[in-house]
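Order of the sequence lines sets the chain letters (A, B, ...), proteins ahead of strands, with each chain counted from 1.
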Amino acid sequence: MEWYLRGVIKLNNIGKSYVTGSQKLEVLKGLSCNIKKGEMVAIMGSSGSGKSTLLNILGLLDSFDSGDYLLSGESMSGLNERAAAKYRSKLLGFVFQSFNLIGFKTALENVALPLYYQSIPRKKRNVIAMDYLKKVGLEDWASHLPNQMSGGQKQRVAIARALVAQPKVILADEPTGALDSVTSSDVMTLLREINADGITMIIVTHEHDIAALCDRTIHLVDGLIDLS
Amino acid sequence: MKKESKINLFDLDRVLEILQVFLTNPFRTFLSGLGVGWGLFMIVVTVGASNGLENGVTSEMGGRVKNSMFLWSRMTSMPYKGFKRGRRFEFNNSDTEFLRENATSIKLVAPRNQLGGHRGSNNVTRGTKSGAFNVYGDVPGYIEIDPVKILSGRYLNQGDIDNERKIAVIGKRVLELLYDKEIEPIGSSIQIQGVIFSVVGVYSTYKTGEDAEEDNQSIFIPYTTFGKSFHTNNEVGWYSLLMDENVHADTSAAEVMSLLKQRKSVHPDDKRAMGSWSMASEFEEVESLFAAFRLISFIFGGLALLAGAIGIMNIMLITVRERTKELGIRRAMGATPLTVMRQIMSETIFLTTLSGLMGVSFGVASLEGVNHLLESMGGSGGSFRNPEVSLYTVLIALGVMLVMGVIAGILPAVRAIAIRPVEAIRTE
């Protein structure tokens, strides 16, 4: 019972299907799991297994059809976009495979963006963002645009951006998918350090050595967790 | 989270945010703003130009009183009461008294006579100098109908009329031609066709252009003196009348005409026996012409503005599509649909306003430039002077443009919030 209370994420029988034309595609078929506070979990599965959909649901970027999702003790069922935006900004940080930095904004501005949406004043926002850039070792690159940086640097900026609003959970979608092996291991080291500070980390990946660096791995097969 | 509602409309952060977006594609921003800018430019320039034309025409009229009318006798064109057609008739002083007593729509009757005239021979001399000027016999009230500015001395008065004084009020140009500089004209004398008059006043006209030149070369002498000196006796050259402002010019003209026709035994339907000209109908014509000008410039300027606004909407729609990913990222970073909507709306309105203001500025600058050019050419551009737009006109145009900006922003903003974050950040 104690682990249940400590669970920062609890999924109970989540179902999700997409309708394309006349066909109904069931992507998640009643998926349940718990992720504890401070855990670093890898989600693995072949393409089409529903891992990206799961991550989108966890990140409140997509809705689910049935079941219940408790995030930090609150139900995420039937959220409207406004409420979802509020929870995203308060509780969640995102790291994407393709970095998803805004091209016309400098590294510092990109990192400060979540704070902008929390209406934190410019000066304060830039000071905080600079702190996080320091944390990922990119303080000298603050005024550079994303296309002036390498893939690894871009991902570190994205990680700083995910951290800046002090989320409880970081969701990473193939964070090393676009990086070479050396950079990949740097990024993973960074993510581990962040996790060590107590932030729950969920990483979707298809690479076994990446998954091996996590506390545990959830295998998805056809929209369900493979317990074998 | 409570803080969000506190963001005011003119948040510096949001302005910077908007500028940053615009500067990522400055050329396109410029092009899309061009339409609206052009629309407002057109409105300002065309309204300014028609105002300039109006100012020019009005100043040529020189503040001549709007309710004035001129009336003269011609030749009858219809037989009546035993008279054959083709009869010449003249007005005389008893007709003047008759009009003063009977015409209810007339405020002031000024009978006039004229000597000399356009390109006449030299008729006025002073010592060795001479010139050809218009000499008018007038009553003091005439200055109310066709105002002049008294530079020194005085205008005609009732005493001059009653006592048939041989005095003259001369135009500025007359002074220049007949007098050496530094000679005091008041109290000096001039000869008009051999008759000596003493100068009591100098005036200049309020008009501009050709009319002004003619006016400044004129001499006013008392009406009664004129009759005595130049043997017109009882005859009236023509009437200048000041009409009641509350009666329409056409109505009062008809009243005066029918009274005079009856008195002079002219057929009531004879339209050619008397000539008349009224300032009011002239003004009405001019005014309605300019009202039409203004309306046309507003309609076409407005259409240009509309086209501009549609252009902006179009560009914003394209921009929103292109920025799907960016907007998705913003959503993932905590932007609410309202925030995104506000951003797109602000961008549209900002762009519309900015380009509109540029259009207005360029328009006003162009008008000022033309103004400057006209002034450097001697202050008189013929029938064109002081092209200008009122602040009121500009504010209306800006208001219309702002409304269009809001309308242009709605569709793109709705499109933008329809973007779901998950679609936006999906890896291609």
So how far is it from [X] [atom1] to [Y] [atom2], rounded to the nearest 0.5 Å?
{"X": "F104(A)", "Y": "Q20(B)", "atom1": "CZ", "atom2": "CD", "answer": "5.5 Å"}
{"X": "M333(B)", "Y": "L113(A)", "atom1": "CE", "atom2": "CG", "answer": "7.0 Å"}
{"X": "T24(B)", "Y": "I102(A)", "atom1": "OG1", "atom2": "CD1", "answer": "11.0 Å"}
{"X": "T336(B)", "Y": "E81(A)", "atom1": "OG1", "atom2": "CD", "answer": "10.0 Å"}
{"X": "L16(B)", "Y": "Y116(A)", "atom1": "CG", "atom2": "OH", "answer": "9.0 Å"}
{"X": "R420(B)", "Y": "D62(A)", "atom1": "CZ", "atom2": "CG", "answer": "5.0 Å"}

Looking at [X], I want to see if its [atom1] is surrounded by more than 12 non-hydrogen atoms of other residues, nucleotides or ligands under 6.0 Å.
{"X": "D222(A)", "atom1": "CG", "result": "no"}
{"X": "R321(B)", "atom1": "CZ", "result": "no"}
{"X": "W38(B)", "atom1": "CH2", "result": "no"}

Between K105(A) and E17(B), is there a side-chain N and carboxylate O pair less than 4.0 Å apart?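 So K105(A) pairs with E17(B) through a salt bridge.
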Main-chain N/O of R331(B) paired to R88(A) side chain as donor or acceptor, under 3.5 Å: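 A pair under 3.5 Å: yes.
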If I measure from the heavy atoms of chain B, does E109(A) come under 4.5 Å with its side chain, its backbone, both, or neither?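 Contact with chain B involves the side chain of E109(A) alone.
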Considering only heavy atoms, which portion of L101(A) lies under 4.5 Å from any heavy atom of chain B: side chain, backbone, both, or neither?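 Just the backbone, heavy atoms under 4.5 Å.
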Quick one: what part of R330(B) sits under 4.5 Å from any heavy atom of chain A, side chain, backbone, both or neither?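 Its backbone and side chain both get close to chain A.
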Which heavy atom in A335(B) sits nearest to a heavy atom in A85(A), and how many Å separate them?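 Shortest heavy-atom contact: O-CB, 3.7 Å.
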Nearest non-hydrogen partners of G334(B) and S89(A), listed with the distance: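 Heavy-atom minimum between the residues: CA-CB, 3.6 Å.
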